[in-house]
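This report refers to the structure that appears directly beneath it.
All chains are named by letter (A, B, ...) in the order of the sequence lines, taking the proteins before the strands, and each is independently numbered beginning at 1. Scope of the values below: all heavy atoms of this structure, side chains included, with no hydrogens, waters or symmetry mates.
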Amino acid sequence: MSFLSLTGITAAYGPSQALFGVDLALEAGEVLALMGRNGMGKSSTIKVICRLLKHSGGTVQFDGRDIGNLPPHKAAQAGLGLVPEGRRCFGPLTVHENLHAAARPGAWDYAAVCDLFPRLGERRDQVAASLSGGEQQMLAIGRALMTNPTLLMLDEATEGLAPVVRQEIWAAVATLKRDTGLALLVVDKSLAELRRVADKAVILERGRTVWSGGIDALDRVVADQFLGV
Amino acid sequence: MISERTVNIFLFALLPVTVLAAWLLDEPFIITLATKAAILALAGVGLNIALGLGGLVSFGHAAFFGLGGYAMGILASHAQSYAPLMEVPFLIEGTKSMPVIWLVALVTSALAALAIGALSLRTSGVYFIMVTLAFGQMLYYFAISWPAYGGEDGLSIYVRNGFPGLNTLDPVQFFLIAFAVLTVGIFLAWRLARSAFGLALSAARQNAERVETVGLGPYRIRLVAFVISGAMTGLAGALFADLNRFVSPTMFSWHLSGELIVFCILGGVGRLYGPVAGAMLYVLLEHVLGGLSAYWHIYLGLLLLLVVLFARGGLIGLLSGREVAHE
C-alpha cells in the first residue's frame, strides 16, 4: 500500500463538480509533481487530501489509514503539512509567533527552520504582514515544517515570486528531499524545476488523472498535450 | 506619542495612587470607586481574552459575572442564617471565607462557560452573539423567578466576607484584595497571549481554516479560551457582589454584558490594559457625569461613537498611536 493513495476521487463545490476521478499514489520519501493547466483540479485535490474539501466518491488513504472522514486538524495531526497557495501567513503575528503557534514535537523546531531559511531568523520579531512575498513564502513553508509532517504539500509555492527568490525556494525543496526523506507533493508550473526535484508526476485534466509515471517518462509530447508548454 | 508600555505602567499605577491620595484626604468613597473600577477591569480583562484575543463577541458574559455574584450571595446568605445549603446526600454549609467563595465562583462560572461555549461556539458571527445573549437572559429571568434567593429584589449580605489576615471592612484593605486579584488576572492574560495556546487562539481569530491545516482544532481552542474568560469574569462577579454586599438579577442583565464590551472598546480591544483603561474611564464618567445628569449614558454613547469612528485602538491606541500586534 502506498504512503498516500487517492483512488477515484470526486468532489464538488456545491453544485459545481471539480474532480471527476483523481488517482495518485506517493511512496514515503518520494517527491511527486502534481501538474496540469489552471483550473484542472490541482488545488482541489490538495484540499481533498487535507480534508478542507469533502470528497463525494473514492478513497483517501494516508500512512495506512483511511483519512476520508477526518476533520482537517486531525488530518494535519496525522502528518499532513500544507503550504497553501498564496502563502496565507498569520499577518499580525510575528515570524516567531507564526512558527511557535504551529509547533508540534519533532525534529523541526524554530532553530531548524531558521537553518533552512536564515532570513526568518533575521526577521524573528517582524510581523508577517510586513515581510516580502518571498519571506512570507519561506514562513509558510517553515510553519508547515513546524508541525513536523511526514508529507509536505506545496501548492504553487513559487507563484508570483522574483526569480532569485524562486531559486531559494527550490533549493530548500531540494534540501528537504536530500536531507530529510520527507515525502513531498509539489504543485508548480515550472516543469524544468520540477524535473530537478520530482521522482514522479501526475497530470490532471478537467478534474481527472490523465497521466502518471516517472518524471523522466514525461516527454515533450505529453507535456505539449496536457501542460501546454 | 507615548509607548504602550509606558501607558500600561501609568494605568497600572493610577488606581493605587488614587487610593493612596483618597486615603490621605480621608475620602473613602473614592477608594470604593477605585475598587469598583479594579473589579470591573478584572471582568473586562476576562472578556478581552475571548473578545480581543479570540474574536468572540460574547454578549452574554454577564451570565458569568452574575453566577460569580450569586455564588458569593448564596454561600454568604447561608452562612449568615446558619442554614445549610443542602443536607442530603451530604452536608454543605454556607461560608464567609472569600478564598472559598472565589473558588466556588471560578468553578461555577467555568462550568457554565463550558456548557454555554460548547453550544454557542458551534455558531459564529451574529448567531454567536445572539446565542450568548440568550443564555445570559435565561439566567437573568431564572434569577428573577428564584424566590429562595430574593427573586427580583436580590439578596443582601450584612457583613462583607472575610479574608485571612485582612480586615475586609476597611476600604483600603478590600481595595488591595481586588487590586491583587486584578494584577494576577492581567498577568495570566499576558502569559496566555504569549503562549502557544494564545498565539493559536489569535491565529484562529484571523483564519480558522489556516489554523486547521497546522493541526489545531479552532473549536477546542476557542472553547478553552471561553472557559478561562468566563471564569475570570465570574471571579470579578464574586468580588463585585462582596463590594456591594448585594446581589441581584441585574448582574445577569444584557446591559452589563454590553458594558463589559464597552470597557474593551473604550480602552482598546485586544490590548492587555484596554479593559483596565475602559473600566476606569467608565467609572469616572459614571461618577462625574452621573452627578450632573441622569442621562449621562448619552455622553458615554457619544464617546463610544468617537472611539469607534476615530480611535479604533481605543484610549490606549490614541495615546500610544501604535496598532496592537495581535489585532
Discussion item. I need the minimum non-hydrogen distance between B/Asn207 and A/Phe90, along with the two atoms involved.
Written reply: O-CE2, 4.2 Å
Practice prompt. Any chance you could measure A/Leu52, atom CG, to B/Glu212, atom CD, to the nearest 0.5 Å?
Written response: 7.0 Å
Worksheet item: When rounded to the nearest 0.5 angstrom, what distance separates CG in B/Leu216 from CD in A/Gln77?
Response: 7.5 Å
Worksheet, complete the sentence: Residue pairs meeting salt bridge (Lys or Arg N to Asp or Glu O under 4.0 Å), one or both in residues 47-68 of chain A, sequence neighbours left out, come to none
Item to complete: Starting at NE2 of A/His96, measure out to CG of B/Leu199 and round the result to the nearest 0.5 Å.
Response: 9.0 Å
Worksheet item: Which heavy atom in A/Ala101 sits nearest to a heavy atom in B/Ala200, and how many Å separate them?
Response: CB-N, 4.1 Å
Discussion item. Just checking A/Asn69: does its CG atom have more than 12 heavy atoms from other residues, nucleotides or ligands closer to it than 6.0 angstrom?
Written reply: no
Discussion item. Under the criterion side-chain contact (heavy atoms from CB on, under 4.5 Å), I'd like the reasoning laid out for B/Gln206 against A/Leu93: C-alpha separation, chi angles, the key distance, then a yes or no.
Written reply: CA-CA 10 Å; B/Gln206 292 161 49; A/Leu93 300 189; 3.9 Å; yes
Worksheet item: Where does A/Ala102 contact chain B at under 4.5 Å (heavy atoms): side chain, backbone, both or neither?
Response: both
Response to the item:
All heavy atoms of B/Arg194 vs all of A/His100, minimum pair found to be O-CD2, 4.4 Å
Worksheet entry | Test side chain to side chain donor-acceptor pair (under 3.5 Å) applied to B/Arg220 - qualifying residues, sequence neighbours left out | none
